[in-house]
Amino acid sequence: MTLHMPPRGGVLAFPPVPRDPGFGVYVHWPFCAAKCPYCDFNSHVRQKPIDQDRYAAAFEREIAEAARRSPGETVTSIFLGGGTPSLMEPATVGRILDAIAARWTVADGAEVTLEANPSSVEATRFRGYRAAGVNRVSLGVQALNDRDLRRLGRLHDVAQALGAIELARATFPRLSFDLIYARPEQTVAGWEAELTQAIDLAADHLSLYQLTIEEGTAFHALHKAGKLIVPDGELSADLYEATQSLTASRGLPAYEISNHAVPGAESRHNLTYWRYGLYAGIGPGAHGRMMGEDGRHAVANEPLPETWLKMVEAWDSGAITDELLTETEQADELLLMGLRLTEGIDLARWRRLTGRDIDPESEAELRAHGMVERIGPDRLRATPAGMLVLDAVVADLA
């Protein structure tokens, strides 16, 4: 799909995203130049150069094994996440994409996303990724002021972020970038000004995440010691509501609790997760949902890169768990993922999984409190108020 970027403030036209969840392939590159203090992802810093040729060969082997388990699938999206995938050489990315195309049918116009940090961006590498087949880039900008970038442990400054956005717009058909809000000392007015700037810079998609304090991170230790103060629940709710209002008014409404897009430019890969589709997880710490003869399996890989590498070289797979999901577990996952979407969940699909309806008393109570609503006879979604307490809504329905 070829798109021409409009002037800032212009409107991109996209065909509607198909409702079918599709089949995705997630590839995890676990290495970073530095560990951010808020990050609890499977990411690792290594002082010695990474043997990319050896890792590429392992990715090829695990892709082949995943394809053996799921023959006949048509790949609708590929996502290279991390870690920092933009630390990979374009040749490494090319080998991974070639291996996927050799083992599965890849749909025409399939979405191929690569996550990148502004600090690891340079023109020849971006052009190399585009030549390898990447058609969408997701930039980890995180903030548009230097003070907060330093607080968040980012290696880039605002000037580098702006340069990376310009370069990505010029190189790739599609662009998304991330921002984190509900940061220390952040006000609603300050966030609205920053978000307005981000929307002016955006092409077709923004991911806007509330800062969460995750156990095991450097921020968790600081927060526990009283050295990191984040907005309270009321202010966080105000920041969330301001986010929804401003993005909607500027043509990038929320389609998921933290993701905003020009209609038709939603992330096809992430929709596969949220619509409870199937996907292969490749690489250290990657997770997948694969269909076997006995039903849907949850698969998770060894997170330590060096251990995963040896496992794949010995057995073609780095999987450490491979569990058949019960109907109840599948139904709970469908609720947990699908209620994040503004389109909600397909109740007919819920019934096919469980053999029963959503508990009418629980639904009625949540509807009475304005937490959920029906869209026609067979879709259920969380209201804006319900999105603020989504975990509780899911728990009540499940």
Side-chain angles (χ1 to χ4, degrees), residues 25-66 78-103 112-134 136-140 142 153-156 160 164 167-168 171 178 216-218 280-288 300-320:
V25 179
Y26 175 76
V27 181
H28 191 77
W29 182 258
F31 302 109
C32 286
K35 183 77 171 179
C36 295
Y38 57 85
C39 177
D40 70 336
F41 293 168
N42 184 43
S43 59
H44 304 265
V45 178
R46 297 290 181 262
Q47 302 306 316
K48 295 181 179 179
I50 305 302
D51 185 343
Q52 293 203 26
D53 185 65
R54 188 179 174 192
Y55 274 90
F59 283 129
E60 290 169 336
R61 293 180 70 161
E62 192 162 65
I63 287 165
E65 173 61 16
I78 301 165
F79 197 100
L80 300 154
T84 308
S86 54
L87 294 176
M88 280 191 280
E89 295 294 334
T92 304
V93 173
R95 286 180 64 177
I96 292 168
L97 297 182
D98 287 348
I100 292 169
R103 300 292 179 172
V112 183
T113 302
L114 180 137
E115 288 184 333
N117 280 340
S119 55
S120 60
V121 166
E122 47 98 70
T124 55
R125 184 165 284 185
F126 259 25
R127 286 195 292 268
Y129 296 146
R130 184 71 188 100
V134 174
R136 181 177 182 270
V137 85
S138 177
L139 285 172
Q142 312 309 10
R154 307 301 287 169
L155 298 181
H156 63 273
Q160 288 174 304
L167 182 56
T171 308
D178 299 355
T217 65
I282 308 297
H287 289 241
N301 281 355
E302 163 61 43
L304 187 66
E306 292 79 7
T307 305
W308 170 87
L309 184 62
K310 292 176 182 176
M311 290 175 66
V312 175
E313 289 174 337
W315 304 303
D316 297 331
S317 172
I320 54 174

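- No side-chain heavy atom of Pro303 sits under 4.5 Å from any side-chain heavy atom of Trp308.
- For Glu115, there are no salt bridge (Lys or Arg N to Asp or Glu O under 4.0 Å) partners, not counting sequence neighbours.
- Under the 4.5 Å side-chain criterion, counting only non-hydrogen atoms from C-beta, Met311 is in contact with Ile320.
- Applying the salt bridge (Lys or Arg N to Asp or Glu O under 4.0 Å) rule to Asp316 yields the partners Arg61; only residues at least two apart in sequence or on another chain are considered.
- Contact annotation: the side chain of Glu89 never approaches that of Val93 to less than 4.5 Å [non-hydrogen atoms, C-beta and beyond].
- Under the 4.5 Å side-chain criterion, counting only non-hydrogen atoms from C-beta, Leu114 is not in contact with Arg136.
- Each of His156, Arg154, Gln142 was evaluated against Asn117; a single residue qualifies, Arg154, per the side-chain hydrogen bond (donor to acceptor under 3.5 Å, both in side chains) test.
- Residues meeting the side-chain hydrogen bond (donor to acceptor under 3.5 Å, both in side chains) test with Gln160, sequence neighbours left out: none.
- Applying the ring pair (Phe, Tyr, Trp, His ring centres under 6.0 Å) test to residues at least two apart or on different chains, the pairs with a partner in residues 114-133 are Phe126-Phe172.
- Sorted by first and then second residue, the salt bridge (Lys or Arg N to Asp or Glu O under 4.0 Å) pairs with a member in residues 26-35 form an empty list; sequence neighbours excluded.
- Although no hydrogens or angles enter the test, the distance criterion places no donor-acceptor pair under 3.5 Å between the side chain of Thr92 and the main chain of Met88.
- Side-chain contact between Asp178 and Ser138 is present, with heavy atoms from C-beta onward closer than 4.5 Å.
- By the 4.5 Å heavy-atom criterion applied to side chains, Ile282 and Phe59 are counted as neighbours.
- Using a 4.5 Å heavy-atom threshold, the side chains of Val137 and Thr113 count as separate.
- Remark: Leu87 engages Trp29, Thr84, Ser120 in a side-chain contact (heavy atoms from CB on, under 4.5 Å) (not counting sequence neighbours).
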